[in-house]
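Single-structure report; data block below.
No experiment lies behind these values; they were computed from the predicted model shown.
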Amino acid sequence: MIERFLKQTSFSSEEDYNKHLEFIIPENFNYAYDVMDVWAQEAPDKQALLWVNDKGEEHRLTFADLKRESDRTAAYLSSLGIGRGDMVMLIMKRRMEWWFTMLALHKIGAVAIPATHMLTKHDLEYRNNAASVKAIICLGEEYVLGEIEKSLENSPTVQTLISLGPVVPAGFHDYHQEVVNAPAFEKPQFVNTNEDMLLMYFTSGTTGEPKMVAHDHLYALGHLTTGVFWHNLTPDSIHLTVADTGWGKAVWGKLYGQWFAGACVFVYDHEKFNADELLSRMEKYKVTSLCAPPTVYRFLVREDLSKYDLSALKYCTTAGEALNGAVYEKFYRQTGIRLMEGFGQTETTMTLGTMPWMQPKPGSMGKPNAQYDIDLLRPDGTHCEDGEKGEIVVRVKDAFKPLGLFKEYYRDPEQTRRAWHDGYYFTGDMAWRDQDGYFWFEGRTDDVIKSSGYRIGPFEVESALMTHPAVVECAITGVPDDVRGMVVKATVVLGKEWKNMQGEELIKELQNHVKHVTAPYKYPRIVEFVDELPKTISGKIRRVEIRENDKNKF
């Protein structure tokens, strides 16, 4: 498959990859037709999707099955008047129908807007109006249906509602009752150009209303390197990415790159995360490849991994937030597998990563993906030296847009110009580069703490705190201080066996621990214990909310 899209398909070293990675870009590329339907023709019986849930159900689908179901869904959606350019929101958790629907929308040229099931009436109204959503396809669960129904009065563009069941209220189409009666699918005479919008995500920003990140059809092609090289997948792989389909990480790890490689995508559909249940499914179904955010690995290493037969597991990756070195080391000791970190955003595919031919450095995001021209810039726009903190930027040459970089912030040219100007896309993420070319995450540009003349990255302190056995999660923020300008504050979630020990003695212990792990000036002068940290709908810690709450405390 990948020989259709790459001039060279295998690489022996970092130098080879950087020098020879070159894409073959088809005219009017469409992932559903040019990748999935080709697999269905060339390897119809190859297992493509292995779906299980926490109720004991199991479904195994081949590439031929996926073509049949996506064709049928495409015909059904077309019969409801959904077509090229229409905005369709998908609220489906990890239901199997998400894969049918995503491919179906690609086949008819409609725009997919994956969304989380946690959206409220206000969230839905904003999204429906901002994007002119025409149709919503959703779970038939009471909360989701209720919030959608409450939003409709102020969502004039929404015309079509489809429920997957089990509940199908009045006014909603019944997907399973109706899709079986869809007419035979006929491919539209014209589906898309490479520049047409493929899908759109609402970013889980730390300030203001979410931005609409629009991706063109070549975004899917840009993920070839994610699955084939960073995840290191082959047709024999069974790959699990731990992500809900409402997150951008779902298309990173459960759709595009994995099927370029011809791998089997493993899906565990569950209501509440439980490390033991996840590990048991990995053992039973012989998962060979895992990608999960550091938060998940933090919970996995708290289990006794020797209780599970993970002998099939060969390769593990992580992204979504920076990885703490302590988690890396503990996972390696228990499994013998090195975690290969990567970095990207809703606006990009993987821009930095630790590739198979690289030696990982615990806590480092890796090196620039040859697909992108990456640099670090000072606030004045000059280039950073090794060891110097700066903002991660993507160089955009003239009119050429790197494969995988977003198209625009939809309907917000001013926001697009603020992030994309003077030949660069500014990520808003801070990092430094070591002498070997590895990048190390520091935090968001608005999260850096300036205290007594020092610039303190939240991640530096979080990493130090995470090495203490009491700490499950933490967030570092700055609190205004008359003498120092700002002081470091730690908001900490304790392990259950430590909760009854919270108090001044444990605070002192954590402060002294940080002083010994990292430079003493970084230690948190304020420590607050909480049951949970505020997070965005995609699971990222909302430090801005902690800072807002602290305004009335300190």
Side-chain angles (χ1 to χ4, degrees), residues 1-12 16-17 20-51 60-71 74 98-100 102-107 112 187 191-192 194 198-199 215-241 250-267 287-289 291 314-315 317 342 349-350 353 355-357 369-371 402-404:
M1 174 63 69
I2 63 173
E3 65 276 1
R4 298 170 183 265
F5 306 106
L6 291 179
K7 291 191 175 180
Q8 180 173 318
T9 59
S10 63
F11 304 94
S12 60
D16 187 19
Y17 181 72
H20 296 118
L21 178 69
E22 186 176 353
F23 282 85
I24 302 167
I25 301 177
E27 186 177 356
N28 302 335
F29 173 75
N30 184 293
Y31 180 83
Y33 293 116
D34 297 334
V35 177
M36 298 305 293
D37 282 5
V38 172
W39 275 121
Q41 182 178 6
E42 296 183 351
D45 299 327
K46 168 77 173 63
Q47 182 172 264
L49 184 67
L50 172 50
W51 182 95
R60 297 172 183 265
L61 288 88
T62 65
F63 283 111
D65 294 331
L66 289 174
K67 174 174 170 51
R68 181 188 66 248
E69 296 300 331
S70 61
D71 279 354
W98 183 80
W99 283 265
F100 308 159
M102 284 290 286
L103 295 173
L105 292 173
H106 295 356
K107 286 184 171 183
K187 181 180 177 180
V191 182
N192 64 277
N194 286 342
L198 171 75
L199 82 166
H215 283 290
D216 59 30
H217 277 261
L218 292 181
Y219 172 74
L221 180 55
H223 270 304
L224 185 154
T225 56
T226 307
V228 176
F229 300 118
W230 181 48
H231 284 161
N232 199 25
L233 300 175
T234 71
D236 296 325
S237 301
I238 300 176
H239 177 77
L240 165 62
T241 283
V251 296
W252 276 56
K254 303 167 96 80
L255 181 59
Y256 297 132
Q258 295 64 47
W259 283 332
F260 272 114
C264 174
V265 171
F266 178 79
V267 180
V287 168
T288 67
S289 172
C291 185
K314 303 299 181 187
Y315 208 79
T317 47
T349 59
M350 189 193 65
M355 297 300 201
W357 46 80
N369 180 2
Q371 195 170 318
L403 202 64

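With a 4.5 Å cut-off on side-chain heavy atoms, L255 and M102 count as touching. Side-chain contact between H239 and H231: present, with at least one pair of heavy atoms (C-beta onward) separated by less than 4.5 Å. A heavy-atom distance below 4.5 Å is not found between the side chains of D37 and F63. Side chains of D236 and T288 form no contact here, defined as non-hydrogen atoms less than 4.5 Å apart. Taking the side chain as every heavy atom from C-beta outward, V191 and N28 never approach each other to under 4.5 Å.
Across all non-hydrogen atoms, the minimal contact from A74 to A104 is N-CB, 3.4 Å. Here the shortest heavy-atom pairing between L66 and A48 reads CD1-CB, 3.6 Å. Nearest heavy-atom pair, L103 versus A32, reported as atom, atom and distance to 0.1 Å: O-CB, 3.6 Å.
Of the possible donor and acceptor atoms, one in the side chain of W39 sits under 3.5 Å from a partner among the backbone N and O of W259. Y31 contributes a side-chain N or O that, together with a main-chain N or O of Y256, makes up a donor-acceptor pair within less than 3.5 Å. In terms of modelled atom types and a separation under 3.5 Å, the side chain of Q258 and the main chain of W252 share a donor-acceptor contact. A donor-acceptor pair is defined here as one N or O able to donate and one able to accept, closer than 3.5 Å; such a pair exists between the side chain of N194 and the backbone of P26. Judged by distance alone, with hydrogens and angles left aside, the side-chain atoms of E3 form a donor-acceptor pair with the main-chain N or O of M1 at under 3.5 Å.
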side-chain contact (heavy atoms from CB on, under 4.5 Å) between L21 and L6, worked out: CA-CA 7 Å; L21 178 69; L6 291 179; 3.9 Å; yes
Test log, rule side-chain contact (heavy atoms from CB on, under 4.5 Å), inputs H106 and L198: CA-CA 7 Å; H106 295 356; L198 171 75; 3.3 Å; yes
Residue pair L218, I25: steps toward the side-chain contact (heavy atoms from CB on, under 4.5 Å) verdict: CA-CA 8 Å; L218 292 181; I25 301 177; 3.8 Å; yes
Test log, rule side-chain contact (heavy atoms from CB on, under 4.5 Å), inputs Q47 and L61: CA-CA 6 Å; Q47 182 172 264; L61 288 88; over 6 Å; no
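To the nearest 0.5 Å, atom CG of residue D65 and atom OG1 of residue T62 are 3.0 Å apart. Taking OG of S289 as the start and CD1 of I238 as the end, the distance is 10.5 Å to the nearest 0.5 Å. Note that the CG atom of L199 and the NE2 atom of H215 stand 6.0 Å from one another [nearest 0.5 Å]. Taking CD of Q371 as the start and CE of M350 as the end, the distance is 7.5 Å to the nearest 0.5 Å. With rounding to the nearest 0.5 angstrom, the CG atom of L49 is 9.5 Å from the NZ atom of K254. A distance of 6.5 Å separates OG1 in T349 from CG in N369, rounded to the nearest 0.5 Å.
Ring-plane geometry between F260 and F29 is classed as parallel, the angle between the planes falling under 30 degrees on a 0 to 90 degree scale with a further cut at 60.
By the 6.0 Å contact criterion, CD on Q8 is enclosed, its count of non-hydrogen atoms from other residues, nucleotides or ligands being greater than 12.
Cation-pi geometry between K187 and Y33 is met: the NZ or CZ atom falls under 6.0 Å from the ring centre, inside 45° of the normal.
When the ring-ring contact (aromatic ring centres under 6.0 Å, His included) test is applied to F229, the partners found at least two apart in sequence or on another chain are F11, Y17.
In this structure, F23 has its ring center no closer than 6.0 Å to that of F5.
Side-chain contact, H223 with T225: no donor N or O sits under 3.5 Å from an acceptor N or O. Between the side chains of S70 and K107, a donor-acceptor pair is found at a separation under 3.5 Å.
Between D34 and R4 no salt bridge is recorded (no basic side-chain N to carboxylate O distance below 4.0 Å). Under a 4.0 Å N-O distance rule, the pair R68/D71 does not qualify as a salt bridge.
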